[in-house]
Structure formats: structure tokens, C-alpha cells
Amino acid sequence: MNRYRTTFFADCPNNGIRIQYHLEIVTGQLIKVEDILAATAAITRGYHEEIADQLLQSLGGAQTLTATHHGVEIETTRPALQAIVKPSEVSR
């Protein structure tokens with residue numbers, strides 16, 4: 001199991017205040033550090049939960065995103081996405 005942790009910043013969409021986020025990804029897969037850095041650098045503003053959804057789509061794994069927004073701590077967890085198997089790919 002691999003555990004990746006990083007910190008990044010994004011602006012609050014309501015008032016532009018810079019928020020520091022802490023991301024943790026747990027996965028059995030390899031995620032390139034460069035991919036994590038690129039995905040977090042691409043986020044410049046957004047609501048906490050929307051950022052969590054975006055990171056899950058781009059990086060996968062089981063994720064926890066935490067940040068303090070104007071004195072309120074928010075922790076959002078996202079379970080690992082399950083691979084979608086098309087009926088044509090299922091062996092009979």
C-alpha cells in the first residue's frame with residue numbers, strides 16, 4: 001500500500017482568501033509525484049468538496065482532503081473509485 005501526502009494552496013471562491021489544503025492518497029497503485037504536483041497546481045480556486053472530487057478523478061486512490069476555512073476545519077474523504085467493467089470485457 002502506498003500513502004502519498006502533500007500540501008497545496010487554492011483561493012476561496014467567495015472572498016479570494018488563500019486556503020492551505022492537505023491531501024492524503026492511499027492506493028495500491030503507483031502515482032507519479034509529478035502527476036500529484038501537476039494535479040494540485042492546476043487547482044487555483046474552488047469549494048473544498050469540488051476540489052476533492054476533482055482530485056479523485058485525476059489521481060484516484062482513497063483520498064482525504066483537509067483544510068481550515070475561515071476557522072472551520074473541513075475534512076472530506078473519498079473512497080477509491082472502482083474500475084468500470086464494460087459488459088463486452090467480461091469473459092464468459
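As the structure is a prediction and not an experimental result, all values here were calculated from the model.
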First locate atom [atom1] of [X], then atom [atom2] of [Y], and finally report the distance between them rounded to the nearest 0.5 Å.
X: Ile19; Y: Ile43; atom1: CD1; atom2: CD1; answer: 13.5 Å
X: Thr6; Y: Leu55; atom1: OG1; atom2: CG; answer: 10.0 Å
X: Phe8; Y: Thr44; atom1: CZ; atom2: OG1; answer: 11.0 Å
X: His48; Y: Thr68; atom1: NE2; atom2: OG1; answer: 9.5 Å
X: His70; Y: Cys12; atom1: NE2; atom2: SG; answer: 3.5 Å
X: Thr40; Y: Phe9; atom1: OG1; atom2: CZ; answer: 11.0 Å

Any non-hydrogen side-chain atom of [X] less than 4.5 Å from a side-chain atom of [Y]?
X: Ile51; Y: Glu49; value: no
X: Thr76; Y: Ile74; value: yes
X: Gln20; Y: His22; value: yes
X: Leu65; Y: Glu75; value: no

Could you check Ile25 against Ile31 for side-chain contact (heavy atoms from CB on, under 4.5 Å), going step by step and ending with a plain yes or no?
CA-CA 9 Å; Ile25 304 169; Ile31 303 174; 3.7 Å; yes

Ring pair (Phe, Tyr, Trp, His ring centres under 6.0 Å) involving Tyr4 - partner list, sequence neighbours excluded:
none

Per the side chain to side chain donor-acceptor pair (under 3.5 Å) rule, what does the pair list look like for residues 55-66, sequence neighbours excluded?
none

Asn2 (side chain) donor-acceptor with Gln29 (main chain) under 3.5 angstrom:
yes

Can you check whether Glu24's main-chain N or O pairs, donor with acceptor, with Arg5's side chain at less than 3.5 Å?
no

Answer with yes or no after comparing the ring centroid distance for Tyr21 and His69 against a 6.0 Å cut-off, counting only values under it.
yes

Qualifying residues under salt bridge (charged side-chain N to carboxylate O under 4.0 Å, His left out), relative to Asp53, sequence neighbours excluded:
Arg78

